[in-house]
2 protein chains.
Amino acid sequence: MLSQKAKYALKALLILSERPAGVPIQVVELAEEGNLPRKFLELIMLELKKHGMVHSQRGKHGGYMLAALPSEISFGDIVRAMDGPLAPIPCASLTAYRKCADCTDEKTCAVRIMMRRVRDAASEILDNTYLSDMSSDDVEAISNQLVSA
Amino acid sequence: MLSQKAKYALKALLILSERPAGVPIQVVELAEEGNLPRKFLELIMLELKKHGMVHSQRGKHGGYMLAALPSEISFGDIVRAMDGPLAPIPCASLTAYRKCADCTDEKTCAVRIMMRRVRDAASEILDNTYLSDMSSDDVEAISNQLVSA
DNA sequence: GCAATAGGCTATTATTTCGATAGGAATTAT
DNA sequence: ATAATTCCTATCGAAATAATAGCCTATTGC
């Protein structure tokens with residue numbers, strides 16, 4: 001499951017990615033444009049900042065801006081920052097491996113192998129798509145393709 | 001995330017799939033062989049039965065058996081029965097679509113498109129692999145390939 | 001028929017996680 | 001100074017998760 005937190009983070013960063021770089025956008029504005037709960041979004045932006053994905057400017061005329069180019073921030077980065085590993089189960093994670101408490105022999109565990117495949121597939125998609133690949137223009141084009149297909 | 005419940009279900013069904021069909025296996029035996037909490041597993045087996053994936057026989061010499069061939073029960077079936085839809089977010093689900101409360105325009109939602117891709121990838125894997133594809137022999141072979149690769 | 005065995009069912013519980021809100025401290029522009 | 005805005009901590013309620021307990025009911029073997 002993708003948490004609300006991660007969903008909101010994605011939406012906020014997508015909005016930021018379509019604005020001119022370096023100009024701070026306030027949380028209120030992000031919340032309005034994305035239809036997101038303001039106070040919750042504040043926490044999220046703070047967390048994104050701690051992960052180095054955005055910069056902030058305090059005080060009047062402050063706000064948030066991307067810490068890198070939209071072509072450098074992947075969906076995988078964002079989802080991991082908010083929700084942790086992509087793998088459905090810790091023993092199938094590359095970035096945060098943890099053995100199952102009840103596991104007797106990992107090598108013969110079919111569950112782990114299957115979940116590893118799922119993880120790899122998700123990573124293949126999310127780690128190779130960047131904010132810049134999903135601008136509103138791109139998304140509209142994709143949606144239209146789906147309709148005509 | 002794959003729940004413990006789903007993980008235990010998968011392990012139990014994998015054990016069943018390697019036993020002769022039609023011979024009931026008791027919960028205690030499944031719990032021991034799979035290193036699973038007995039009482040919790042009882043609930044799980046019951047739920048699997050309600051989903052029509054296993055049959056049960058009560059009384060002395062009772063137990064559970066698969067309701068179909070191992071080549072007919074997919075990992076996708078099992079995961080969905082235990083944890084619900086594969087999609088990371090309801091608006092990207094085929095089997096249990098639900099609109100996001102905060103969504104203003106689904107057609108231009110990049111999050112939904114990405115999560116739909118993830119869903120499709122997971123489905124591609126889980127719906128096309130059956131219990132019979134993951135017998136302990138198969139799994140050992142796969143593990144050995146990984147070592148030598 | 002009766003005892004033993006095993007699934008069936010309901011309730012309960014503890015723990016954690018999630019989603020969100022509140023209030024105020026720190027900082028900056030004017 | 002004042003207004004605006006991020007930063008930080010605390011807190012809350014609701015839901016989900018993981019599991020256990022206990023009793024009921026069906027079936028079998030003798």
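Every value quoted in this text rests on a predicted model; they were computed, and no experiment measured them. Numbers restart at 1 for each chain; the letters A, B, ... are given by sequence-line order, proteins then strands.
A distance of 5.0 Å separates CG of A/L16 from CG of A/L30, quoted to the nearest 0.5 Å.
Inter-residue side-chain proximity for A/E29 and A/R19 is flagged as met; some heavy-atom pair is nearer than 4.5 Å. A 4.5 Å side-chain heavy-atom check between A/L2 and B/V118 finds every atom pair outside the cut-off. In this structure the side chain of A/L10 never reaches within 4.5 angstrom of the side chain of A/M82, judged on heavy atoms. Within the 4.5 Å cutoff, the side chain of A/L66 has heavy atoms near those of the A/L131 side chain. Looking at heavy atoms from C-beta onward, A/I89 lies in side-chain contact with A/C100 at the 4.5 angstrom threshold.
With a cutoff of under 4.0 Å to any heavy atom of chain A, the contacted region of DNA chain D is bounded 5' to 3' by D/dA4 to D/dT9. The outermost nucleotides of DNA chain C lying under 4.0 Å from heavy atoms of chain B, listed 5' to 3', are C/dT5 to C/dT10.
Residue whose closest nucleotide on DNA chain D sits further toward the 5' end, between B/E42 and B/L2: B/L2. Ranked by how close their nearest DNA chain C nucleotide is to the 5' end, A/S3 and B/I25 are led by B/I25.
Among residue pairs with one or both ends in residues 28-86 of chain A, those qualifying as ring-ring contact (aromatic ring centres under 6.0 Å, His included) are A/Y8-A/F40; sequence neighbours excluded.
Scanning residues 58-68 of chain B for heavy-atom distances under 4.0 Å to DNA chain D yields B/R58, B/G59, B/K60, B/H61. Contacts between residues 76-88 of chain B and DNA chain C, defined by a heavy-atom separation under 4.0 Å, are absent.
No contact: B/K7 has no heavy atom under 4.0 Å from any strand. No engagement by A/V28 is indicated, since no non-hydrogen atom pair under 4.0 Å with the nucleic acid exists. Within 4.0 Å (heavy atoms only), A/Q57 reaches sugar-phosphate atoms of the nucleic acid but no base atom.
B/K50 and B/E47 are not joined by a salt bridge, as no carboxylate oxygen comes within less than 4.0 angstrom of a charged side-chain nitrogen.
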Identify every side-chain donor-acceptor pair in residues 108-115 of chain A under 3.5 Å, counting partners at least two apart or on other chains, and give the distances.
unit_1	atom_1	unit_2	atom_2	d
A/T108	OG1	A/D105	O	3.3
A/R112	NE	A/C91	O	3.4
A/R112	NH1	A/E106	O	3.0

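Listed for the A/Q57 side chain is no donor-acceptor partner under 3.5 Å among the backbone atoms of A/P24. Of the possible donor and acceptor atoms, one in the side chain of B/N35 sits under 3.5 Å from a partner among the backbone N and O of A/D102. Of the possible polar contacts, none joining the B/S143 side chain to the B/E140 backbone as a donor-acceptor pair under 3.5 Å is found. Proximity of a side-chain donor or acceptor of A/T129 to a complementary backbone N or O of A/I125 within less than 3.5 Å is detected.
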